[in-house]
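This report refers to the structure that appears directly beneath it.
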Protein chains: 2
Amino acid sequence: MGRWEPGAAGRLREAALALYLERGFEQTMVANIAERAGVTARTFFRHFADKREVLFDASAELEEKSLAALEAAPAMASTLDLVAAALDATVDILGGDRVLARKRHTVIMANPDLRERELIKIAHMSAALADGLRRRGIGDTEASLAAEAGTAVYRVAYEQWVYAADDLDLRDAIRRSFAQLRTLTA
Amino acid sequence: MGRWEPGAAGRLREAALALYLERGFEQTMVANIAERAGVTARTFFRHFADKREVLFDASAELEEKSLAALEAAPAMASTLDLVAAALDATVDILGGDRVLARKRHTVIMANPDLRERELIKIAHMSAALADGLRRRGIGDTEASLAAEAGTAVYRVAYEQWVYAADDLDLRDAIRRSFAQLRTLTA
DNA sequence: CGCGTTGATGTCATCAGGTGACATCATCGT
DNA sequence: ACGATGATGTCACCTGATGACATCAACGCG
């Protein structure tokens, strides 16, 4: 429907990650990304709200999938098991390409602005999970705590997975992290 | 030592919070804040790294105090008790003026950019606590998990305290929140 | 086939956040 | 009295971000 090469958003995503890796986030100008993707800077901002968002627009999908898993979870599961089931659903999206995950993680950790964006995405997910738990009749505080604790467990496990020397499975890492939280609070 | 009214930083802090409350964060320009504080915009950026930081520069003090409390904690305490002791030390700073806390919290929650900044401050504190735990010989994963769980507990309790209708004590809220986490993972 | 619609993109103008370089000047120590 | 100090002002400039309007290939329809 357009006269230009299709897939501008994808090209912008790739270009951005590559440039952020090569010269760093701050040293990369939006014009650079756009140029590499064969569009103008104005077009970048039509696809992504800002310079950071280009690394995070998969988060909506993550939230959908985990909420769906939460709905589908058995009725008699414990609160923490519900959270675990919801978060497990994201592994299909995130746990596949570890090389890509490492690149992305490296870039994000190298820049506070990107880290901020990541944190608010996680917080958004946590709030959504807490809401889902409340819809299942779980109390307010318990829902918030479970969602927060669950995402914390996930974060710790994810980082271990990304940097693991051997072929760690993300699901295993998450399971072990959950077990350790239980030990910790025992 | 200057020819101008002293306390520019404090005036900027007050002016910023007031304006963010009155017209919102985005609608407030740095020039507005500076004007109300009787300085120029350039001076604002000499005191605060950016427009958001003006609400968060107490976080360094929080981190110091909580780390100090962590050092001072008894040697035989459990990991989670160590975190609890560290976080308890911040109550002296945050738990005093609830009216101010509510204003600040309202402003922050109303704006995603400010929320991002708050989250990274908390994450920084959590990382510092985890480091402190590791210096006490606690394992890597356990340290991270305990710090993350502890700050999560704190966040939930803090929000309850801020919005409580009656005269809730922040310390009590935190204690109860910790207890609930223990129940949750039991 | 010709034509109007559609939607993604380009172009241009403009603003606000943020920074570097240099000037200014009250206060302090000598 | 005078030079050092340090906070502030002034100016120039870059980049991120947004609104308004123009452009033009593909599509559907008569």
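Lettering of chains follows the sequences in order, A, B, ..., and the numbering in each one begins at 1. Being a predicted model, the structure only gives us computed values, none of them experimental.
Residue B/R52 contributes atom CZ, which lies 16 Å from atom P of C/dA16 at whole-angstrom precision. One interatomic measurement links the two molecules: CG of A/D50 to P of C/dG18, which rounds to 13 Å at whole-angstrom precision. Straight-line distance from the NZ atom of A/K51 to the P atom of D/dA17: 8 Å, rounded to whole Å.
When the side-chain nitrogen and oxygen atoms of B/T40 are compared with OP1 and OP2 of D/dT8, none of them lie within a distance under 4.0 Å.
With sequence neighbours left out, B/S59 forms a side chain to side chain donor-acceptor pair (under 3.5 Å) with no residue at all. In this structure, the salt bridge (charged side-chain N to carboxylate O under 4.0 Å, His left out) partners of B/D92, at least two apart in sequence or on a different chain, are B/R171. Partners of B/R176 by side chain to side chain donor-acceptor pair (under 3.5 Å), not counting sequence neighbours: none found.
Through side-chain heavy atoms spaced under 4.5 Å, either directly or across other Ile, Leu, Val, Met, Phe, Trp or Tyr residues, A/M29 is tied to no other residue.
No single ILVMFWY cluster, assembled from side-chain heavy atoms under 4.5 Å apart, contains both B/V107 and B/L94.
Among pairs with a residue in residues 6-42 of chain A, those fulfilling ring pair (Phe, Tyr, Trp, His ring centres under 6.0 Å) read A/Y20-A/F25, at least two apart in sequence or across chains. Residue pairs satisfying the side chain to side chain donor-acceptor pair (under 3.5 Å) criterion with at least one member in residues 25-35 of chain B, sequence neighbours excluded, are listed as follows: B/R23-B/N32. Screening residues 94-103 of chain B for side chain to side chain donor-acceptor pair (under 3.5 Å), with sequence neighbours left out, gives no hits. Among pairs with a residue in residues 56-69 of chain A, those fulfilling salt bridge (Lys or Arg N to Asp or Glu O under 4.0 Å) read A/R13-A/D57, at least two apart in sequence or across chains.
Pairing each heavy atom of A/A41 with each of A/V30, the nearest pair is CB-CG1, 4.1 Å. Scanning all heavy atoms of the two residues, the minimum distance from A/L55 to A/R104 falls at O-NE, 3.0 Å. When all heavy atoms are compared, the tightest approach of A/S66 to A/L129 is OG-CD2, 4.0 Å. Contact between B/R136 and B/A73 at its shortest, heavy atoms only, is NH2-O, 3.2 Å.
Listed by residue number, the members of residues 8-16 of chain A with any heavy atom below 4.0 angstrom from DNA chain C are A/A8. Scanning residues 110-118 of chain A for heavy-atom distances under 4.0 Å to DNA chain C yields an empty list. Shown for residues 19-30 of chain A: residues whose heavy atoms fall under 4.0 angstrom of DNA chain D, namely A/T28, A/M29, A/V30. Listed in residue order, the members of residues 41-49 of chain B having a heavy atom less than 4.0 Å from DNA chain D are B/R42, B/T43, B/R46, B/H47.
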